[in-house]
Structures are given as C-alpha cells and as structure tokens.
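Here's the structure, in structure tokens; my notes come after.
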Protein chains: 2
Amino acid sequence: MNKHSQLPAGTTSSPIYDVLRKDLVGGRFAAGEKLAINALKEHYQVGLSPLREALNKLAAYGLLIQENQRGFRVPKLTRDELDDIARLRTELEGMALERAITHGDALWEAELLAAAHRLKRADVSLDKGEEWERLHTQFHRTLVAPCGSVWLLRFIEQLHDQFDRYRRLGPKMPIIRQELDDQHHELVDLALSRDANAARALMDDHIHKSYEVALARFQAHA
Amino acid sequence: MNKHSQLPAGTTSSPIYDVLRKDLVGGRFAAGEKLAINALKEHYQVGLSPLREALNKLAAYGLLIQENQRGFRVPKLTRDELDDIARLRTELEGMALERAITHGDALWEAELLAAAHRLKRADVSLDKGEEWERLHTQFHRTLVAPCGSVWLLRFIEQLHDQFDRYRRLGPKMPIIRQELDDQHHELVDLALSRDANAARALMDDHIHKSYEVALARFQAHA
DNA sequence: TTATCAAAAATAATCGATTTTTTAACTCAT
DNA sequence: ATGAGTTAAAAAATCGATTATTTTTGATAA
C-alpha cells in the first residue's frame, strides 16, 4: 500500500500540492489571508509554474479561493459553513460507514484494528502534532474504505479537510478529546460486530463532539 | 443573475476552463484519450500557462486524470462508475430536493417555473444541442438551489457533470426521453405543492430513467 | 480636510525558451 | 524473429523574462 494512500488529486507530480494542502488544513495561513505568491515561491523553494498549478488545484478542491486578476485567498471560516460541513459529513460518512460494514471483508477488519492501534499509540502523547493528524485521517479513511463508492470517498475526504480547518483551531478541551479518542475504539468494535445502526449512531455523536470543539472557537471569538 | 451562474471554480480568469469543461462533459474527447497539449493550445488559441492551469483545475475537479510526468488523460467510462455516480446522485439530489422544498420561498417558485418553461421551449426541437443541455442543467440546479448547503450543491454539480458524460453518449430512445421531459414539469408541480416525499420518489425515478439511457450504450458496446 | 486624478510601485498573469523526462526508433546480439 | 540496450525524437514540465492589471502613493483642487 502507498504510504500516502491514493489521493484524488495526489497522483500528480510535484509535492508542493500536498505540502500546501497540509499547511492549509493545519491552519498555517490565516483565514481570509491573501497569499503572496512570491513569498510562497521563496518559502517552499519552488518555481512559479509548479506553484501556480498547485494553487489552481487547491482552488478547485476548495481550500483556496481564486479571484479574477488578484490571486488566491484562504477561505474565511464561518459558523454557517461549519454547520453545513458538519451536517453533510454526518450524512455522507454515516452512509459510507453503513456500506462499509456491509461490504468490508476480513482484510478490512485487520487494517481497521491496525489503524486504531497506531492511532491509540499516538493518542498518549498529549500534544497532538502532524503525526497524530495523519493517523487520525488514516483511521477514518480505513473505516469507510470498503463502502464501494469512489465518489463518496472522494467527497468525504474533501469534507474532512474542510472540517479539520475548523477543528484544528479549536481549544484543547481535554475531557471531550478523551471521549473522542475512546470513540475510535468503540467504532472499531461496532464495525467488527457488523452493527451498522449502532455504528452510525456513534459516528453521528463522534462528529457532533468534534463539531463542538470546532464551534468553541467561534463562541470564544464572538 | 450571472449568465454562467456561480461555478465552484468558475470564479477564475480565463474562459478556457469553462470551454474545456463543456467539451469534456459533451464528449468532444474520447474516453481514455491522452490530451495532446500542443494541439489543444492551437485549437483553443490559448497560451501554455493558462491552458495548463485549466487542465490542473479540471483534474482536481475529476474531469481529467493527471499522470505523473505524462500529461493529462480523459477518464475512462466504466459500468461500475456509472452505477456509483447514479446511486450517489440519487442520494444527494434527493436529499437536496427535500431540503429545498422545506426552505424554498416564493422567489424560488417563480424561478423554478421559469426554468421549466424555458426548458420546455427547448424540448420541442428534437435535436437537443448545447442550449438544451444548458437549460437542463440550469433547471436541475434551480430545483435544489435553496437546499441551504453550499457543499451539497457543489458535490451535486460535480456528479451531474460526471453523469452527463455518460448520458450524452447514450442512444436517442425517444420514448424514454419524452418521459424524462414530462417529469421535469411533474417535479415542478410536486415541489410547488411541497410534497417532499413524492418529489423525491419522482426524482429517484427520473435519475433511474436517465441511468437507463446512459447504460444502453454499455450494453450496445459490450 | 477630503476627494479626485495621475503616476509609480507592486503584483498577477502570460509568454517564449530551456530543461527534463518519456516514448519511439534503431541497432545488435542471441 | 525476439529482446536488450542505445540513440533520436517527441512531449511534458519548468524556468526567466515580459506584459497586463491592480494597488498604492502623492499631487492638486475643491
């Protein structure tokens, strides 16, 4: 299996796309900020053409906004959009989880256990860095992987990135974070016991708790 | 209102993106074909940089496949993918229609009637060209527009483009096409009478009939 | 002081040419 | 003939420089 797994647009050449994507999701750029292309060029040590092509792809993906003759901008974060993303993620990821539980085979069970274990190992270090994020994304991806719909997986991944822009700016909230970590293992248990309804209900709650973390930032800054 | 309406990635500068998108959805390129960038450059009379940026966006959108150091390719058409797209379109468009019927206001009712009327005027001309396609897309977009979810609308538009790649290669099938045309008006009636369940059922059938048209090509060529 | 306009600076977008990589053609040995 | 290895041709990707557009600055007048 690829170490990067198959990204929808990640089949492309230069790694600048993936790096920028990671930095955008990780909040390295301020929401609403206008990107200074020359500064990016220098900072990431890439040429103008590969950079612009990456920015164009990110705009089509929804992590940037392209404005007519005035470059690229980081999308603003709004309460309304967070609600939209969380609700749609609940619907799509729930749908995918049901299908995955129907179709997932023994290999999937093994990979799911492995992904959950790797994530738990990273949970213990209280400071959750890029590595934890990677494992977390990978866990959720594994969970729904055998749903049978390439397009559904694609949309879910896109929504995850969007959602994470909000979540990763949220406060620590150690109690809720602990519950979230625990839920990953409960999700595995329910998936392995093929209890689609309970799994879906738990996923709904999981997303809702994450939503509360993300939302806290708005209430603090409002 | 814009004559092009708001496209997710259509905010950008050069019109080459929209032209290429239209041609890709319209089947101007063979499925699986490798794009000869220099030929495109000449044919569309654009420079290399704007062209490559458009191709990058189309790859991120899913209408092209970008391969590592060997350019761009038109995605193949497969029975499995058609099934996937049709099924997901049914779920998402049904979901959006329900929400639109809940939230749509009087202005929406008026626009919906207008869009249906314009489409019917184009229906009569048996040869359904680009103009009919535009009005058809516009009708379906209007139908779900007030669903309240920007991201849901975005995914639906993407799926529509993907679905249309298949549908537009399907055979004439005048009887089924006539039924499809009639269903547009029935959809308006059910939307205006706020009968979400019936509307959703009809939409399911509408997509299924279109699916049969698209599928016919596979059975012929198989 | 504020507003309007013009000039200058900064930035985005595009172009033409160069470099890199892939694909095709060819040679030669088995 | 077939296949490996080499060279030539084609194509993709990148670079550096130019052009077009926007934004900022500063001057002038109301």
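The chains referred to below are lettered A, B, ... by the order of the sequence lines, with proteins before strands, and numbering in each begins at 1.
Look at CG on L51(A): it is 15 Å from C1' on dT14(C), rounded to the nearest Å. In this structure, I65(A) atom CD1 and dA12(C) atom C1' are separated by 17 Å, rounded to whole Å. One can place CD of E67(B) at 14 Å from C1' of dA11(D), the figure rounded to the nearest angstrom. Atom-to-atom, CD of E53(A) to C1' of dA12(D) comes out at 10 Å; the value is rounded to the nearest Å. Put simply, CG on L55(A) is 13 Å from P on dT14(D), counting in whole angstrom units. If you take CG of N68(B) and P of dA12(D), they are 14 Å apart, rounded to a whole angstrom.
Among residues at least two apart or in separate chains, side chain to side chain donor-acceptor pair (under 3.5 Å) pairs with a member in residues 98-108 of chain A are E98(A)-R200(A).
Phosphate proximity of dA13(C) to R52(A): present, with a side-chain N or O under 4.0 Å from OP1 or OP2.
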Set out, line by line, the N/O atom pairs under 3.5 Å between protein and nucleotides 15-20 of chain C.
residue : atom : partner : partner atom : Å
dC15(C) : OP2  : G47(B)  : N            : 3.3
dC15(C) : N4   : S49(B)  : OG           : 3.4

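Partners of T78(A) according to the side chain to side chain contact (heavy atoms under 4.5 Å, CB included) rule, which considers only residues two or more places apart in sequence or in another chain, are D80(A), E81(A), Y166(A). Partners of A54(B) according to the side chain to side chain contact (heavy atoms under 4.5 Å, CB included) rule, which considers only residues two or more places apart in sequence or in another chain, are I16(B), Y17(B), L20(B). For F139(A), the ring-ring contact (aromatic ring centres under 6.0 Å, His included) partners are H184(A), not counting sequence neighbours. Applying the side-chain hydrogen bond (donor to acceptor under 3.5 Å, both in side chains) rule to Q162(B) yields no partners; only residues at least two apart in sequence or on another chain are considered. Listed by chain and number, the residues in a side chain to side chain contact (heavy atoms under 4.5 Å, CB included) with A145(A) amount to none (sequence neighbours excluded). In this view, L153(B) and V144(B), C147(B) satisfy the side chain to side chain contact (heavy atoms under 4.5 Å, CB included) rule, not counting sequence neighbours.
Side-chain atoms of R70(B) lie closest to dT23(C) of the nucleotides dA13(D), dT22(D), dT23(C).
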Donor-acceptor pairs are to be reported for all side-chain atoms of residues 27-35 of chain B against protein atoms at under 3.5 Å, with residues two or more places apart or in another chain.
residue : atom : partner : partner atom : Å
E33(B)  : OE1  : A30(B)  : N            : 2.8

Atom pairs and distances, donor-acceptor, side-chain atoms in residues 40-50 of chain B, under 3.5 Å, two or more places apart:
residue : atom : partner : partner atom : Å
Y44(B)  : OH   : D23(B)  : OD2          : 2.6
Q45(B)  : NE2  : E42(B)  : O            : 2.9

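The rotation axes computed at either terminus of the helix from dT1(C)-dA30(D) to dT30(C)-dA1(D) lie 10° apart, taking five pairs at each end and rounding to 10 degrees.
F163(A) carries R89(A) over the face of its six-membered ring, with the cationic atom under 6.0 Å from the centre and within 45° of the normal.
The closest donor-acceptor contact from the side chain of D204(A) to the backbone of G94(A) lies at 3.5 Å or more, if one exists at all.
At a non-hydrogen distance threshold of 4.0 Å, nothing from residues 31-39 of chain A comes into contact with DNA chain D.
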